[in-house]
Undergrad: 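Here it is: the structure, laid out below.
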Amino acid sequence: MSSDEARVNDLVEHLLESHPPATTSAKDFLGAQYDLGLAWIHFDEGYGGLGLNPKLQQIVNEGVRDAGGPFCGARNPIGYGMCGPTVHVWGSEEQKQKYLRPLFTCEDIWCQLFSEPGSGSDFAGLSSRGVKDGDEWIVNGQKVWTTLAHVSKWGLLVVRTDPEAVKHAGLTAFVVDMEDPTVETRPLRQMTGEAEFNEVYFTDTRIPDAEMLGKPGDGWRASLTTLMNERTSIGGAIPAQGSGTIADLMAVWSELPDERKDAASRDRVMELWIRAEVHRLTNIRASQNRRMGDPGPEGSIGKMESANLNKAVYEAMIDLMGAEGMLYGEYAMTRPETAMGGSSRQQRFLRSRANSIEGGTTEVMLNILGERVLGLPGDVRVDRDVPWSEVPRN
């Protein structure tokens, strides 16, 4: 065991002894975890980290999980997996001091405001505008598919601040107050009946200059930090062998009467178990290979396979359940306070259809892997050197 591993193990032991999960509130436990540098272990000291290799985070996560402790990523998934790392890299000292700890304790829920009706996969083509006005920026525009916007205190927003620059160069990132009265959040009802996604409208929303992440024009590079962490957050989990989604399928299989456990179904279940294990081992390898800094484009492998695997597992599960799989229950619209969950197997099956869209579509992941990992020729791009204002749009 290395000295860094020993140090992390000692700190985890101290955390669990001084703040027993069974008798400590989630807020206090997560606050103590942050103060010990065990929130994001690769962050700088004083900001929830220890400046160590990110692979050591697994020691923390497993220790806290096994002791029944809370996990920030379950309650505040967009904040923990995406916005926190972006604030750490691009935020000022004042922003990091202000935002990171309450984000990790889940006192402040976060959302990310990237996709727009006319620029989903082509994120750099977004048209929401930010115009400088003294020490503030006036923002107008619409965002869509914004997870948990309805319960968020803060949002990570990217808007166009220079329409005469090429589309990637004219973007700027901000932290925006989601409780500002000029910010309107409307629910997007999913086929599960839930509305964890939202449309968000900005009408003359004023954002202080001090809430900019980086400098004007840094929005594309800041967004890459968010997106690469997003893909690792969504598809890079390392569960215990046989746990998670595949455990749900195995439970359905074990409940089947013997006469329904035919050879074809058994083969299908085993194939999916093997895929789940290969995915888990691939994520372990990626975690071990990751150095300091942002995840690389390889994170798209885990994200893509996670989406494909989840859909395949839940399709098999519903098939095995037979007629019971059609009994959904209640489709009344609700606005959940957490994301990517499901109270029943039928609901999780329906929710899994979003996996190949959220966090970057499977088609986008294939392009990233082809171009940035395998070195294949890129798509033809006719707008690379054209000012955004001159690019034809619908």
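The analysis underlying the following values was restricted to heavy atoms, covering all of them including side chains, and did not include hydrogens, waters or symmetry mates.
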Undergrad: For the residue pair Gly125 and Ser119, what are the closest heavy atoms and their distance?
TA: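 Where Gly125 meets Ser119 most closely, the heavy atoms are C-CB, 3.7 Å.
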
Undergrad: Does the distance from a Lys or Arg side-chain N to an Asp or Glu carboxylate O, for Glu390 and Lys167, drop under 4.0 Å?
TA: no

Undergrad: What I want to find out is whether Lys143 reaches Glu199 closely enough, with some N-O distance under 4.0 Å, to be called a salt bridge.
TA: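 A salt bridge is absent here (no side-chain N lies under 4.0 Å from a carboxylate O).
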
Undergrad: Show, in sequence, the C-alpha distance, side-chain angles and deciding distance for Ser128 and Glu116, and conclude whether the side-chain hydrogen bond (donor to acceptor under 3.5 Å, both in side chains) test is met.
TA: CA-CA 8 Å; Ser128 291; Glu116 296 185 4; 2.8 Å; yes

Undergrad: For the pair His279 (side chain) and Ile274 (backbone), establish whether a donor and an acceptor sit closer than 3.5 Å, ignoring hydrogens and angles.
TA: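 No: the side chain of His279 does not pair with the backbone of Ile274.
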
Undergrad: Can you list the steps and then say if Trp273 with Met250 is a side chain to side chain contact (heavy atoms under 4.5 Å, CB included)?
TA: CA-CA 8 Å; Trp273 194 95; Met250 299 308 296; 4.0 Å; yes

Undergrad: Out of curiosity, does Val200 fall in the hydrophobic cluster containing Leu188 (side-chain heavy atoms, cut-off under 4.5 Å, transitive links)?
TA: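 Not linked; separate clusters.
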
Undergrad: Let me check something: do Val166 and Leu171 share a hydrophobic cluster, defined by ILVMFWY side-chain heavy atoms less than 4.5 Å apart, either directly or through other members?
TA: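 They do not share one cluster, since no chain of ILVMFWY contacts under 4.5 Å joins Val166 to Leu171.
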
Undergrad: Are there more than 12 heavy atoms of other residues, nucleotides or ligands under 6.0 Å from atom NZ of Lys132?
TA: yes

Undergrad: Between Glu179 and Lys153, does any NZ, NE, NH1 or NH2 come within less than 4.0 Å of an OD or OE carboxylate oxygen?
TA: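 Looking at Glu179 together with Lys153, the answer is yes, because their closest N to O distance falls below 4.0 Å.
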
Undergrad: When rounded to the nearest 0.5 angstrom, what is the spacing between CD in Gln346 and OH in Tyr314?
TA: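 If I round to the nearest 0.5 Å, the distance is 11.0 Å.
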
Undergrad: Using only atom types and a distance under 3.5 Å, with no angle test, would you say the side chain of Asn310 pairs donor to acceptor with the backbone of Ser352?
TA: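 Between the backbone of Ser352 and the side chain of Asn310 there is no qualifying donor-acceptor contact (under 3.5 Å).
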
Undergrad: Please tell me if the side chains of Asn140 and Thr203 come closer than 4.5 Å, counting only heavy atoms from C-beta onward.
TA: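 Contact flag for Asn140/Thr203 side chains = yes.
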
Undergrad: Arg351 vs Glu194, test: salt bridge (Lys or Arg N to Asp or Glu O under 4.0 Å). Steps then yes/no.
TA: CA-CA 9 Å; Arg351 179 59 180 79; Glu194 292 185 327; 5.7 Å; no

Undergrad: Between Leu320 and Leu256, is the side chain to side chain contact (heavy atoms under 4.5 Å, CB included) condition met? List the steps.
TA: CA-CA 8 Å; Leu320 291 176; Leu256 287 180; 3.9 Å; yes

Undergrad: Any idea which heavy atoms bring Thr245 and Val313 closest together, and the distance?
TA: CG2-CG1, 3.4 Å

Undergrad: Any chance the side chains of Ser356 and Thr362 put a donor and an acceptor closer than 3.5 Å?
TA: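 Checked: Ser356/Thr362 side chains show no N/O donor-acceptor pair below 3.5 Å.
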
Undergrad: Which value, rounded to the nearest 0.5 Å, describes the distance between Phe114 atom CZ and Leu227 atom CG?
TA: 5.5 Å

Undergrad: At what distance, to the nearest 0.5 angstrom, does OG1 of Thr105 lie from CG of Asn76?
TA: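 Going from the OG1 atom of Thr105 to the CG atom of Asn76 covers 9.0 Å.
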
Undergrad: Output yes when Arg7 and Asp4 qualify as a salt bridge under the 4.0 Å nitrogen-oxygen rule, no when they do not.
TA: no

Undergrad: Can the positive tip of Arg186 be found less than 6.0 Å from the middle of the six-membered ring of Tyr201, inside 45° of the ring normal?
TA: yes

Undergrad: Just verifying a value: how many Å separate Leu272 CG and Trp253 CH2, rounded to the nearest 0.5 Å?
TA: 11.5 Å

Undergrad: For Met304 and Met365, work out which heavy atoms get closest and say how close.
TA: CB-CB, 4.0 Å

Undergrad: Check step by step if side-chain hydrogen bond (donor to acceptor under 3.5 Å, both in side chains) holds for Glu5 and Ser2.
TA: CA-CA 5 Å; Glu5 289 176 301; Ser2 70; 3.2 Å; yes

Undergrad: Do the charged groups of Arg206 and Asp133 touch, with an N to O distance under 4.0 Å?
TA: yes

Undergrad: Tell me if a side-chain donor or acceptor on Ser18 pairs with a main-chain N or O of His14 at a distance below 3.5 Å.
TA: yes

Undergrad: If Ile, Leu, Val, Met, Phe, Trp and Tyr residues are connected whenever their side-chain heavy atoms lie under 4.5 Å apart, and connections chain through other members, are Phe174 and Trp110 in the same group?
TA: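 Different clusters: Phe174 never reaches Trp110 through Ile, Leu, Val, Met, Phe, Trp or Tyr contacts under 4.5 Å.
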
Undergrad: Whether the side chain of Lys303 engages the backbone of Asn355 through a donor-acceptor N/O pair (distance < 3.5 Å, no angle test) should be reported.
TA: yes

Undergrad: Looking at side-chain heavy atoms only, is the closest gap between Phe202 and Val176 below 4.5 Å?
TA: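 Yes, at least one pair of side-chain atoms sits under 4.5 Å.
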
Undergrad: Determine, for Lys261 against Glu255, whether the closest basic-nitrogen to carboxylate-oxygen distance falls under 4.0 angstrom.
TA: no

Undergrad: Does a sphere of radius 6.0 Å around CH2 in Trp145 hold more than 12 heavy atoms from other residues, nucleotides or ligands, not counting ones at 6.0 Å or beyond?
TA: no

Undergrad: So how far is it from Ile246 CD1 to Leu249 CG, rounded to the nearest 0.5 Å?
TA: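 Answer for the CD1-CG pair, Ile246 versus Leu249, is 4.5 Å.
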
Undergrad: Hey, does Leu100 have a side-chain heavy atom less than 4.5 Å from the side chain of Tyr34?
TA: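 Result yes, sub-4.5 Å side-chain heavy-atom pair found.
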
Undergrad: Could you please spell out the steps behind the side-chain hydrogen bond (donor to acceptor under 3.5 Å, both in side chains) verdict for Thr226 and Thr86?
TA: CA-CA 6 Å; Thr226 309; Thr86 306; 2.7 Å; yes

Undergrad: Hey, does Arg345 have a side-chain heavy atom less than 4.5 Å from the side chain of Val252?
TA: yes

Undergrad: Classify the side-chain pair Asp262/Ser265 by whether it contains a donor and acceptor separated by less than 3.5 Å.
TA: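 Yes, Ser265 and Asp262 have a side-chain donor paired with an acceptor closer than 3.5 Å.
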
Undergrad: Under 6.0 Å between ring centres: does that hold for Tyr80 and Trp40?
TA: yes

Undergrad: Report the C-alpha separation of Ser25 and Asp28 in whole Å, then their side-chain angles, then the decisive distance to 0.1 Å, and conclude whether the side-chain hydrogen bond (donor to acceptor under 3.5 Å, both in side chains) test is met.
TA: CA-CA 5 Å; Ser25 70; Asp28 290 344; 3.2 Å; yes

Undergrad: With no hydrogens and no angle check, just 3.5 Å: does a side-chain donor-acceptor pair link Gln97 and Glu93?
TA: no

Undergrad: Give the cluster check for Val175 versus Ile207: same hydrophobic cluster or not, with ILVMFWY residues linked at side-chain heavy-atom distances below 4.5 Å.
TA: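 Val175 does not cluster with Ile207.
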
Undergrad: Which heavy-atom pair separates Phe29 from Pro70 by the least distance, and what is that distance?
TA: CD2-CD, 3.5 Å

Undergrad: Flag the pair Asn61 / Ile59 as yes when at least one side-chain heavy-atom distance between them is below 4.5 Å, and no otherwise.
TA: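 Result no, sub-4.5 Å side-chain heavy-atom pair not found.
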
Undergrad: Check whether any side-chain heavy atom of Val151 sits under 4.5 Å from a side-chain heavy atom of Thr338, and report yes or no.
TA: no

Undergrad: Heavy-atom distance under 4.5 Å between the side chains of Lys98 and Trp154, does that happen here?
TA: yes

Undergrad: Please determine whether a side-chain nitrogen of the Lys or Arg among Arg335 and Glu196 lies less than 4.0 Å from a carboxylate oxygen of the Asp or Glu.
TA: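 Judged by the 4.0 Å cut-off on N to carboxylate O distance, Arg335 and Glu196 do not form a salt bridge.
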
Undergrad: Using the rule that two of Ile, Leu, Val, Met, Phe, Trp, Tyr join whenever any of their side-chain heavy atoms come within less than 4.5 Å, decide whether Leu309 and Leu350 are in one cluster.
TA: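 Yes: a chain of side-chain contacts under 4.5 Å links Leu309 to Leu350.
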
Undergrad: Examine Phe43 together with His88 and report whether their ring centres are nearer than 6.0 Å.
TA: yes

Undergrad: Looking only at heavy atoms, what is the nearest atom pair of Gly81 and Pro85, with distance?
TA: O-CG, 3.7 Å

Undergrad: Give me the atom names and distance for the closest heavy-atom approach of Leu15 to Ala32.
TA: CD1-CB, 3.8 Å

Undergrad: Would you indicate whether Asp66, at its atom CG, is surrounded by more than 12 heavy atoms from other residues, nucleotides or ligands within a distance under 6.0 Å?
TA: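 It does: Asp66 CG has more than 12 such atoms within range.
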
Undergrad: What is the distance from atom CG of Leu103 to atom SG of Cys83, rounded to the nearest 0.5 Å?
TA: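 Output value for this atom pair is 7.0 Å.
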
Undergrad: Taking it one step at a time, do Arg268 and Glu271 satisfy salt bridge (Lys or Arg N to Asp or Glu O under 4.0 Å)?
TA: CA-CA 5 Å; Arg268 185 180 184 186; Glu271 179 185 354; over 6 Å; no

Undergrad: Less than 3.5 Å apart, any donor N or O on the side chain of Trp90 or Thr225 sitting next to an acceptor on the other?
TA: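 Yes.
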
Undergrad: With a 4.5 Å heavy-atom cut-off, do Leu52 and Gln57 have their side chains touching?
TA: no

Undergrad: Strictly distance-based, threshold 3.5 Å: is any side-chain N or O of Asp218 a donor or acceptor partner for the main-chain N or O of Lys215?
TA: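 Yes, Asp218 side chain to Lys215 backbone: donor-acceptor pair under 3.5 Å.
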
